[in-house]
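The analysis underlying the following values was restricted to heavy atoms, covering all of them including side chains, and did not include hydrogens, waters or symmetry mates. We name chains A, B, ... by the order of the sequence lines, and we start the count at 1 in each one.
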Protein chains: 2
Amino acid sequence: MQKSREDRQSAAPEYHVDRQVGFFLRQANQRHVAIFANGIGDKLTTTQWSALSKLKEIQPCSQNQLGRETAMDVATIKGVVDRLVKRGFVATAPDQNDGRRVVLSLTEDGLTVIAANVSAAVAATEETLAPLTSGERMMFLELLQKIC
Amino acid sequence: MQKSREDRQSAAPEYHVDRQVGFFLRQANQRHVAIFANGIGDKLTTTQWSALSKLKEIQPCSQNQLGRETAMDVATIKGVVDRLVKRGFVATAPDQNDGRRVVLSLTEDGLTVIAANVSAAVAATEETLAPLTSGERMMFLELLQKIC
DNA sequence: TGATACTCATTCGCATACAAATGAAAAATT
DNA sequence: AATTTTTCATTTGTATGCGAATGAGTATCA
């Protein structure tokens, strides 16, 4: 068998960044974020949407807890919540029992903006997975979850 | 068949952010970036590594071209290249034929740092995919590429 | 009770990531 | 040759994302 050029010099296998998982993960995430931003009407980012949606499920809750539930760093969730508060989607209140905590809850506007964008969020998921068949989607999601 | 609680009110299916592709993609990417940062010795980020590795393949080339090859925005590749130049891994020179272009090339230190970290980069890929079997990895990579 | 450890929120610094605007230079078109 | 379009690099502004440090409050345990 014909040896490749680098095998003549050494046994080191070729390395190509653009064939590594990390390279694809970054790109896939980029594509999804772009699709989401494009489809959503209220200039909500994917992380802001995650925070809002999760807050609807578990409110009231503290900032750090919301961060854990949405896989965001304390510094990250702080910035996200700040922007949502600034836009009037989230309200903050001091916790009576725990002086450190800030209790988060959705405002009326917050509930409204969620309701107005659920279908767009679903559509973004759909478009992201569009290149895959139904069977491939299930397989892909299962494997993707394993490496989280 | 027993109807679920929300079906009694409306036909709207449940929506859970933490079951959407985007949620998993962000987390999977986060995990890989963390693994890479942890394993690499020279404080190189995943994007910096991509730029260095790709530059080795295609040098000399312009900044924008390197950005396209590594799937980075013009503003993003600018910042990445700036930091690599600052650390002495990449050299810049004006293009003789095209007055707009900045020709990029690797320095000796750049080649050295690549050689010193290829094994760590391979290990990071390996660790990221560790939860998957060999067969699952091939399947996963194939599907992941489809949604890039 | 008092020391220790933990949790929560905040802040700083650094590094992506992209939209949008700008200016310069090159290429394509008329 | 003149106009238009494209390309390249840069800059500004906004939004994640994480490490690390800080300070305030809570919990634990000797």
Side-chain angles (χ1 to χ4, degrees), chain A residues 22-23 25-38 40 42-52 60-87 90 92-104, chain B residues 22-23 25-38 40 42-52 60-87 90 92-104:
Chain A
F23 198 84
L25 281 176
R26 184 168 63 83
Q27 271 191 87
N29 194 47
Q30 272 178 21
R31 174 165 168 270
H32 171 72
V33 169
I35 288 172
F36 187 92
N38 208 268
I40 220 76
D42 292 281
K43 285 188 181 175
L44 289 170
T45 64
T46 52
T47 45
Q48 288 172 5
W49 177 254
S50 293
L52 284 176
C61 76
S62 74
Q63 198 180 78
N64 275 14
Q65 190 192 344
L66 184 59
R68 282 191 297 270
E69 298 273 355
T70 54
M72 293 184 213
D73 189 84
V74 284
T76 302
I77 191 66
K78 169 79 163 74
V80 174
V81 167
D82 279 357
R83 282 169 220 115
L84 292 175
V85 168
K86 199 175 181 180
R87 293 178 63 180
V90 171
T92 61
D95 189 315
Q96 300 304 332
N97 300 27
D98 193 329
R100 302 164 303 178
R101 279 199 169 100
V102 173
V103 180
L104 303 180
Chain B
F23 198 84
L25 281 175
R26 184 168 62 83
Q27 271 191 86
N29 194 45
Q30 274 179 20
R31 174 164 167 271
H32 171 71
V33 169
I35 288 172
F36 187 90
N38 206 269
I40 220 76
D42 292 281
K43 285 187 181 176
L44 289 170
T45 64
T46 52
T47 45
Q48 288 171 3
W49 177 253
S50 292
L52 284 175
C61 75
S62 75
Q63 199 180 78
N64 275 13
Q65 191 191 344
L66 184 58
R68 282 190 298 271
E69 299 273 355
T70 52
M72 292 184 215
D73 189 84
V74 283
T76 302
I77 191 67
K78 169 81 163 73
V80 174
V81 167
D82 279 357
R83 282 168 219 116
L84 292 174
V85 168
K86 200 174 181 181
R87 294 179 62 179
V90 170
T92 61
D95 190 314
Q96 300 302 332
N97 302 25
D98 193 329
R100 301 165 302 177
R101 280 199 169 98
V102 173
V103 180
L104 303 180

Using OP1 and OP2 only, check whether a side-chain N or O of [X] sits under 4.0 Å from [N].
| X | N | result |
| --- | --- | --- |
| B/S62 | D/dA9 | yes |
| A/R100 | C/dT7 | no |
| B/R83 | C/dA15 | yes |
| B/T45 | C/dT16 | yes |

What's the separation between atom [atom1] in [X] and atom [atom2] in [Y], rounded to the nearest 0.5 Å?
| X | Y | atom1 | atom2 | result |
| --- | --- | --- | --- | --- |
| B/R83 | B/K43 | CZ | NZ | 14.5 Å |
| B/E69 | B/S62 | CD | OG | 9.5 Å |
| B/T70 | B/Q65 | OG1 | CD | 10.5 Å |
| B/L25 | B/Q27 | CG | CD | 10.5 Å |
| A/Q63 | A/M72 | CD | CE | 11.0 Å |
| B/T47 | A/R26 | OG1 | CZ | 6.5 Å |

Sugar-phosphate, base or nothing in reach of A/D82, heavy atoms under 4.0 Å: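 No contact at all - A/D82 keeps every heavy atom at 4.0 Å or more from the nucleic acid.
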
Between [X] ([atom1]) and [N] ([atom2]), how many Å, whole number?
| X | N | atom1 | atom2 | value |
| --- | --- | --- | --- | --- |
| A/N97 | C/dT7 | CG | C1' | 15 Å |
| B/I40 | D/dG19 | CD1 | P | 16 Å |
| B/D98 | D/dA9 | CG | P | 8 Å |
| A/L52 | D/dT16 | CG | P | 11 Å |
| A/D95 | D/dA24 | CG | C1' | 14 Å |

Close residues, residues 25-37 of chain A, relative to DNA chain D [heavy-atom separation under 4.0 Å]: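 Contacting residues: none.
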
Proximity to DNA chain D (any heavy atom under 4.0 Å), residues of residues 64-79 of chain B only: B/N64, B/R68, B/V74, B/A75, B/K78

Closest to the B/Q48 side chain, choosing from C/dT16, D/dT16, D/dT26: C/dT16

B/K78 with B/D82: basic N within carboxylate O range, under 4.0 Å: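 Looking at B/D82 together with B/K78, the answer is yes, because their closest N to O distance falls below 4.0 Å.
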
Contact summary for B/L66 and B/A51, nearest pair of heavy atoms: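 Result for this residue pair: CD1-O, 3.8 Å.
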
Qualifying residues under side chain to side chain donor-acceptor pair (under 3.5 Å), relative to A/R101, sequence neighbours excluded: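 Residues passing side chain to side chain donor-acceptor pair (under 3.5 Å) with A/R101: A/D98.
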
